[in-house]
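Let me begin by presenting the structure, written as C-alpha cells, before commenting on it.
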Amino acid sequence: MQVPILNGVFADATGDFRTAYPLNRVPVPKSTGISEGYLRPADGIVTFGAGPGVGRGGIAWNGALYRVMGTKLVRVSDSGGVTTLGEVGGSEMVAMDYGFDRLGVWSAGHLYFWTGDTFLQVTDPDMGAVHGGCYLAGYWLSTDGTSIIATDLNDPTSVNPLRYGSAESDPDEIMAVARLKSELVAFGRHSVEFFSNIGGAGFPFSRIEGAQVSRGMIGRRAFAPLGESFAFVGSARNEAPAVYMLGAGTSAKISTREIDVMLSGYGDDALSSMYVESRTEKGHQHLLIHLPDVTLCYDLAASQAAEEPVWFRLSSAVVGTSRYRARGFVRCYDRWIVEDPLSSSLGAMTSDVGSHYGSHVGWQFDTLVIYNQSKGAAIHEIELVALPGRVAFGDAPVVWTSYSEDGETWSMERPTPAGAQGNRRARIAWRRQGRIRGYRMQRFRGTSDAHVGFVRLEVQPEGLNV
C-alpha cells in the first residue's frame, strides 16, 4: 500500500491531531507515474563572502548587489568582495528601493541615498523619523507610523509638510508603505488602503474608495510580494494572526490551521519583529516567514497545482529546528545571494548540496496515519522509493525511521543505508517493522549528506483479525 509523504500527522498533549510539515524537504506536486508528488532536498548554502556586520537586507540595482551589513551600506561584487559606501546606523532589517538615478535606504529612522558616486542623508526636519518606504512615480514615500510622507518631485531630499497624507479608514498605526504596480499600498496594523497617483499641489495620492481591506499587518516587515500581489502576516481587530494574500478590497487566508497554531505560540511581540520575503524560481513561488527558531515556507505555485495549501519548514539545525541561516534573498550575478542572520557571512544558494556554510543540517518528514479499521496489521517491510546515489563521493548517508502509536511518543530509531555515490539502485527499506495494534504514524529523518529525493512510501502489511 502507498502512504502519502508530502505532509504527515502527529498529536500533542491536548489530544489534538496536528499537521507535520516536512523539514528541509520541499514538496513538489508532480505526477511521476510513481506518485502524484515527491519531496526534494531543500537548497543548500555555500559561503560567498563576508561583510562588516550582520546583513540587514539587500537589493540588486544597475547590475550590482547592495546590502546593509552592520551599520554600513555596502556594494558586493560578483566575487563576494565588499565595498563600504556609507553609514546608515541601526540594527533592524532595513527597507530598500531604487528610482531612475538613485538607491534609497530606510534605516534607523532616516532615509539615505546612494547615487552611484555620492552617499547622502535626507536631513530635512519635515521628514521626521521614518521606518520604511518605497519609490513610486518619481516620489520617495515614507511613513512615520501616522502619516505618509512624500518627497518633492524635483528634489528627493526636500519634504513639504503640506504634502503629507494619511490612511483614513482606520485610526491604526501605519506599519509600512509599498508599491503595487502603479498604486501605493499603506499597510496598517488592522487595515490596508490603496492610493492612486493624482498629482496636484497637496498630497499626490488619493485613496481608492472601496479598495480598503479590514485586516492589517502585525510587523513592519511582515509582508512580501507574491504572485501579482502581496502576502502578509496579520489580523483584523480582535482576531488571531494568520497569513493572507492581499486583494483589492479582500484578503484571502493562505495559512492552514497548523500554521495558525504555530504562529500563536510566539506571541504578538515576537511576531512583530518577524521578517517576511519571497523567492520565485524553477516553478516555485515561495513565501518565507522567518521566525526565531524556524522559517515557514508557503509555495503559491505548488498550492495552485495541488489545489490545497502547500507548506514546509526550513532550519539550519542538525536535530530539531533552529534559526534558518539564509535571509535577504537577492537574485544577482546569476545566483541567489543571501545573508546569515547569525554572522557577517554572505551565502549563495545551491541545489548541489544540502549543507549550510559547510555544516550538515537535518531533515525530517512524517506520514499520515496508517490504519486497518481497528483490526491491526503485521508490517513485513516499508520502503522509501527514492532517487539515491546522488551524494558526495565518500559519504555513506543513513536514513532513520521511527513510529508512533499515539502520535506523541516515538519508538527507537532504526537506520538503513541511503546509497553511496553512483549506487542509484539502492533500496531504502526496513524489514520486520512489527505490528499495528490500532494505528501508526511513521517518521523519517536524516542529514544533508543524504541528498536524496523521495517519491513515495511503500508499506507491505498483513492484515490481522484481532
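Just so you know, residue 1 is the first one in the sequence shown, and it goes up from there.
Contact of the Arg67 side chain with the Val330 side chain is registered, since non-hydrogen atoms from C-beta on lie closer than 4.5 Å. Residues Leu226 and Leu246 have side chains not in contact (no heavy-atom distance under 4.5 Å, counting atoms from C-beta outward). Counting heavy atoms from C-beta on, the side chains of Arg327 and Glu339 come closer than 4.5 Å. For the pair Arg25/Ile5, no side-chain contact is recorded, criterion being any heavy-atom separation below 4.5 Å from C-beta on. Annotation: side chain of Asp366 is not in contact with side chain of Met441 (no heavy-atom distance under 4.5 Å). Side-chain contact between Val399 and Trp363 is present, with at least one heavy-atom pair separated by less than 4.5 Å. No side-chain heavy atom of Phe232 sits under 4.5 Å from any side-chain heavy atom of Val276. For the pair Lys181 and Glu228, the minimum side-chain heavy-atom distance is below 4.5 Å.
In this structure, the separation between CZ on Arg189 and CE on Met175 is 7.0 Å, given to the nearest 0.5 Å. If you take OH on Tyr275 and CG on Leu291, they are separated by 14.0 Å, rounding to the nearest 0.5 Å. The structure places CH2 of Trp61 at 6.0 Å from CG of Leu103, a figure rounded to the nearest 0.5 Å. Between the NE2 atom in His380 and the CZ atom in Arg432 there is a gap of 11.5 Å [rounded to 0.5 Å].
Minimum interatomic distance between Gly51 and Val82 (heavy atoms only, all atoms of both residues): CA-CG2, 4.2 Å. Across all non-hydrogen atoms, the minimal contact from Ser315 to Ala317 is OG-N, 3.1 Å. Among all heavy-atom pairs drawn from Ser35 and Gln2, the shortest one is CB-NE2, 3.5 Å.
Asn24 places a side-chain N or O within donor-acceptor distance of the main-chain N or O of Gly362, the cut-off being under 3.5 Å. Gln421 places a side-chain N or O within 3.5 Å of a backbone atom of Val391 that can act as its donor or acceptor partner. Judged purely by atom type and a 3.5 angstrom limit, Asp97 uses its side chain to pair as donor or acceptor with the backbone of Tyr135. One N or O on the side chain of Asp406 and one on the backbone of Glu408 form a donor-acceptor pair closer than 3.5 Å. Side-chain atoms of Thr401 come within 3.5 Å of backbone atoms of Arg443 as a donor-acceptor pair (strictly under, hydrogens ignored). Thr71 contributes no side-chain N or O that, together with a main-chain N or O of Glu87, makes up a donor-acceptor pair within less than 3.5 Å. Looking at Glu458, its side chain does come within 3.5 Å of a backbone N or O of Met1 through a donor-acceptor pair. Of the possible polar contacts, one joining the Ser77 side chain to the Gly81 backbone as a donor-acceptor pair under 3.5 Å is found. In this structure a side-chain-to-backbone donor-acceptor pair under 3.5 Å is present from Asp172 to His190. Looking at Thr416, its side chain does come within 3.5 Å of a backbone N or O of Ala429 through a donor-acceptor pair.
The environment of Glu92 atom CD is sparse: at most 12 non-hydrogen atoms of other residues, nucleotides or ligands sit within 6.0 angstrom. The local environment of CZ in Arg257 is sparse, with at most 12 non-hydrogen atoms from other residues, nucleotides or ligands closer than 6.0 Å. Other residues, nucleotides and ligands place more than 12 heavy atoms under 6.0 Å from the OH atom of Tyr333. For Met412, the CE atom sits in a loose shell: 12 or fewer heavy atoms of surrounding residues, nucleotides or ligands are nearer than 6.0 Å.
Annotation: cation-pi geometry not satisfied between Arg279 and Phe329 (NZ/CZ under 6.0 angstrom from ring centroid, within 45° of ring axis).
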**Item:** Step-by-step ring-ring contact (aromatic ring centres under 6.0 Å, His included) determination, Phe365 to Phe454
**Value:** CA-CA 10 Å; Phe365 62 90; Phe454 300 107; 5.4 Å; yes
**Prompt:** Are Leu387 and Arg40 close enough, and set up right, to give a side-chain contact (heavy atoms from CB on, under 4.5 Å), and what steps lead you there?
**Reply:** CA-CA 9 Å; Leu387 295 168; Arg40 69 168 180 85; over 6 Å; no
**Chi angles and distances behind the side-chain hydrogen bond (donor to acceptor under 3.5 Å, both in side chains) call for Glu277, His290** = CA-CA 8 Å; Glu277 60 182 323; His290 298 288; 2.7 Å; yes
**Asked** What do the steps show when you test Glu173 against Arg220 for salt bridge (Lys or Arg N to Asp or Glu O under 4.0 Å), and what is the final call?
**Response** CA-CA 10 Å; Glu173 179 184 2; Arg220 293 173 179 172; 3.6 Å; yes
**Request:** Let me see the working for Thr367 and Val459 under side-chain contact (heavy atoms from CB on, under 4.5 Å), right down to the final yes or no.
**Result:** CA-CA 12 Å; Thr367 69; Val459 179; over 6 Å; no
**Item:** Criterion side-chain hydrogen bond (donor to acceptor under 3.5 Å, both in side chains) on Ser107 and Arg56, from CA distance to verdict
**Value:** CA-CA 10 Å; Ser107 176; Arg56 298 166 50 207; 3.0 Å; yes
**Request:** Carefully, step by step, assess Tyr112 and Phe119 under the rule ring-ring contact (aromatic ring centres under 6.0 Å, His included).
**Result:** CA-CA 7 Å; Tyr112 301 87; Phe119 176 81; 5.7 Å; yes
**Prompt:** Step by step, would you call Trp311 with Ser255 a side-chain contact (heavy atoms from CB on, under 4.5 Å)?
**Reply:** CA-CA 9 Å; Trp311 287 85; Ser255 56; 4.2 Å; yes
**Request:** Would you please test Tyr98 and Tyr66 for ring-ring contact (aromatic ring centres under 6.0 Å, His included) and show each step?
**Result:** CA-CA 11 Å; Tyr98 58 82; Tyr66 294 85; 9.6 Å; no
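Using modelled atom types, one finds no donor on one side chain facing an acceptor on the other under 3.5 Å when comparing Asp293 with Thr321. Checking Thr19 against Asn7 by side-chain atom types alone, no donor-acceptor pair falls below 3.5 Å. Under 3.5 Å, the side chains of Arg325 and His356 contain no donor-acceptor pair of N or O atoms. Judged purely by distance below 3.5 Å, without hydrogens or angles, the side chains of Ser355 and His360 never pair a donor atom with an acceptor atom. Side-chain contact check for Thr256 and Tyr21: at least one donor-acceptor pair (N or O, by modelled atom type) lies under 3.5 Å.
Just one residue in the list Tyr403, Trp410, Trp400, Trp430 forms a ring pair (Phe, Tyr, Trp, His ring centres under 6.0 Å) with Phe444, and that residue is Trp430.
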